[in-house]
S.K.: 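Could you have a look at this structure, given as structure tokens, before my questions?
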Amino acid sequence: MEGQRFASVSQNRADLRFPFPEHFVERLTGKTLIRLGRQAKFLTAELSSGEVLVMHLGMTGRFTVEAAKLGEFHHATGTDPAHDHVVFRMEDGTSVTYNDPRRFGFMELWPAEQFEAYPRLMAMGPEPLSNHFSAAYLDTALKDKKTPIKSALLDQSVIAGLGNIYVCEALWRAKVSPKRLARSVPGQRAARLAPAINEVIAEAIEAGGSSISDFANASGELGYFQHRFAVYDREGEACRTCGDTIRRLVQSGRSTFYCPSCQR
DNA sequence: GCTTGGACCTGATTGC
DNA sequence: TGCAATCAGGTCCAAG
């Protein structure tokens, strides 16, 4: 998409999670996409108009790329076309379709020169694989938090980009109980947790992500990290380290999976 | 202030 | 078989 103009844009409904920006189609059509990027779970596209197109997949959003030449991409998994909400057609004939059954995703436009004031990213914590993230950072960020460590790690203002799966997996690797209050983690536990978070994220990226029911990459290929889950969605199964039974509990309305013996 | 719980949606699965 | 209840990868916002 980079360096190409939007030849046409189809917007098939008025809203996703939020309403589309006013005159969304007109503000994209004919503009050149200068650069694609990502911050936390937000995708960004800098436009020749001076605006940034911000996109979020929510839980079930998916972009599928189809090249003009048939057969250039293979679609391993199909999606219901009833949920194709936006189609970008680029000038070389490639189409990029946004499909999202639950419509928890969204698209917004924001002026590039004021992008540091984009509200949804202003309070973001550091990226796990960046130099700003470390055990020392966790020591500081968690020291006054009265919420369970599981909830704290899901808080994007503490650390950006971790979701429910990877928080569960990182806590298991670090042998930290999800029920432990965040303020009791600084010190030795944070020293284990920071590298565990890095490992989980790096391995999941290498495996192409986690495909439970919806996730697929832009050419339709599924991820493989779900085959390496140690605790997530393994309630009642044996812990790979100690053999004890993996348990499930609900924290902040989200399922947590953990080993009661390994994680303290 | 910080923290929690409900809301936003559809679809798949489970249990009666 | 058919229906209702439950659950799902995320984020926002009102209420406590």
Side-chain angles (χ1 to χ4, degrees), chain A residues 12-20 38-43 54-63 77-86 98-108 110 118-125 127-128 140-171 178-184 197 200-201 203-205 207-217 221-236 247-257:
Chain A
N12 298 328
R13 55 177 299 121
D15 60 355
L16 293 172
R17 177 167 181 188
F18 309 116
F20 279 94
R38 177 197 61 78
Q39 286 189 41
K41 300 175 190 169
F42 296 72
L43 307 170
V54 185
M55 299 161 282
H56 197 293
L57 300 173
M59 286 165 78
T60 54
R62 179 193 296 187
F63 281 104
T77 56
T79 53
D80 184 346
H83 301 301
D84 286 351
H85 304 308
V86 178
Y98 181 71
N99 180 287
D100 186 359
R102 290 178 74 180
R103 304 202 301 273
F104 282 176
F106 56 84
M107 296 189 192
E108 292 181 321
W110 199 263
Y118 178 65
R120 304 186 200 283
L121 282 169
M122 266 180 39
M124 274 300 145
E127 301 257 355
T140 306
L142 300 176
K143 68 179 170 54
D144 296 322
K145 285 221 165 277
K146 298 174 181 66
T147 188
I149 183 65
K150 162 72 191 305
S151 306
L153 294 180
L154 276 179
D155 181 344
Q156 304 293 295
S157 70
V158 172
I159 174 170
L162 286 186
N164 202 34
I165 291 173
Y166 301 128
V167 167
C168 291
E169 294 296 313
L171 286 171
K179 295 188 273 193
R180 174 173 288 281
L181 292 188
R183 65 182 176 188
S184 74
I197 288 169
V200 166
I201 289 291
E203 287 179 29
I205 290 170
S210 305
S211 295
I212 295 170
S213 63
D214 298 289
F215 173 76
N217 72 18
E221 294 157 338
L222 303 181
Y224 289 94
F225 195 69
Q226 67 276 16
H227 302 303
R228 294 206 224 155
F229 290 168
V231 286
Y232 186 83
D233 206 21
R234 293 191 68 234
E235 182 183 18
R247 291 192 194 160
R248 172 183 178 268
L249 70 105
V250 175
Q251 295 176 289
S252 309
R254 314 294 303 279
S255 283
T256 298
F257 299 89

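Just so you know, these numbers come straight off a predicted model, no measurement behind them. Because only heavy atoms are used, hydrogens play no part in the values below, and waters and symmetry mates are left out as well, while side chains stay in.
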S.K.: Using whole Å, what does the distance between atom C1' of nucleotide dC8(B) and atom CE of Met59(A) come to?
M.R.: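 Met59(A) atom CE is separated from dC8(B) atom C1' by 11 Å.
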S.K.: Dot-bracket, 5' to 3', for DNA chain C please: Watson-Crick or G-U pairs under 3.5 Å, [ ] where pairs cross earlier ones, | where the partner sits on another strand, dots elsewhere.
M.R.: .|||||||.|||||||
S.K.: For nucleotides 3-5 of chain B, which of its nitrogen or oxygen atoms have a protein nitrogen or oxygen under 3.5 Å away, and what is each distance?
M.R.:
from   : atom 1 : to        : atom 2 : distance (Å)
dT3(B) : OP1    : Lys146(A) : N      : 3.0
dT3(B) : OP2    : Lys145(A) : NZ     : 3.1
dT4(B) : OP2    : Thr147(A) : OG1    : 2.8

S.K.: Please write out the pairs of protein N or O atoms and N or O atoms of nucleotides 9-12 of chain B separated by less than 3.5 Å, giving the distance to one decimal.
M.R.:
from    : atom 1 : to        : atom 2 : distance (Å)
dC9(B)  : O3'    : Arg103(A) : NH2    : 3.4
dC9(B)  : O2     : Arg102(A) : NE     : 2.9
dC9(B)  : N3     : Arg102(A) : NH2    : 3.4
dT10(B) : O4'    : Pro101(A) : O      : 3.4
dT10(B) : O3'    : His83(A)  : NE2    : 3.3
dG11(B) : OP1    : His83(A)  : NE2    : 2.6

S.K.: Write down the distance separating the P atoms in dG6(B) and dT6(C), rounded off to the nearest Å.
M.R.: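 Here dG6(B) and dT6(C) have their P atoms 13 Å from each other.
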S.K.: Measuring only the P atom in each nucleotide, how far is dA5(C) from dA7(B)? A whole number of Å is fine.
M.R.: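 So the two P atoms sit 16 Å from each other.
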S.K.: Got a list of protein N/O to nucleotides 12-16 of chain C N/O distances below 3.5 Å?
M.R.:
from    : atom 1 : to        : atom 2 : distance (Å)
dC12(C) : OP1    : Arg120(A) : NH1    : 3.2
dC12(C) : O4'    : Arg17(A)  : NH2    : 2.9

S.K.: Quantified in whole Å, what is the C1' atom distance between nucleotide dT3(B) and nucleotide dG9(C)?
M.R.: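 To the nearest whole Å, 23 Å.
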S.K.: Using a cut-off of strictly less than 4.0 Å, decide whether Gln156(A) has a side-chain nitrogen or oxygen near OP1 or OP2 of dG10(C).
M.R.: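 No, Gln156(A) has no side-chain N/O under 4.0 Å of OP1/OP2 on dG10(C).
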S.K.: In whole Å, what separates the C1' atom of dT10(B) from that of dC13(C)?
M.R.: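 Roughly 22 Å separates the two C1' atoms.
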S.K.: What's the gap between dC12(C) and dG11(B) when it is taken at their P atoms, as a whole Å value?
M.R.: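 Per the computed distance, 24 Å lies between those P atoms.
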S.K.: Hey, what are the protein-to-nucleotides 14-16 of chain B N/O distances that come in under 3.5 Å?
M.R.:
none

S.K.: What residue pairs, at least two apart or across chains, pass side-chain hydrogen bond (donor to acceptor under 3.5 Å, both in side chains) with a residue in residues 149-159 of chain A?
M.R.: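 Non-adjacent pairs meeting side-chain hydrogen bond (donor to acceptor under 3.5 Å, both in side chains): Lys150(A)-Asn164(A), Lys150(A)-Thr256(A), Ser151(A)-Ser252(A), Asp155(A)-Ser157(A).
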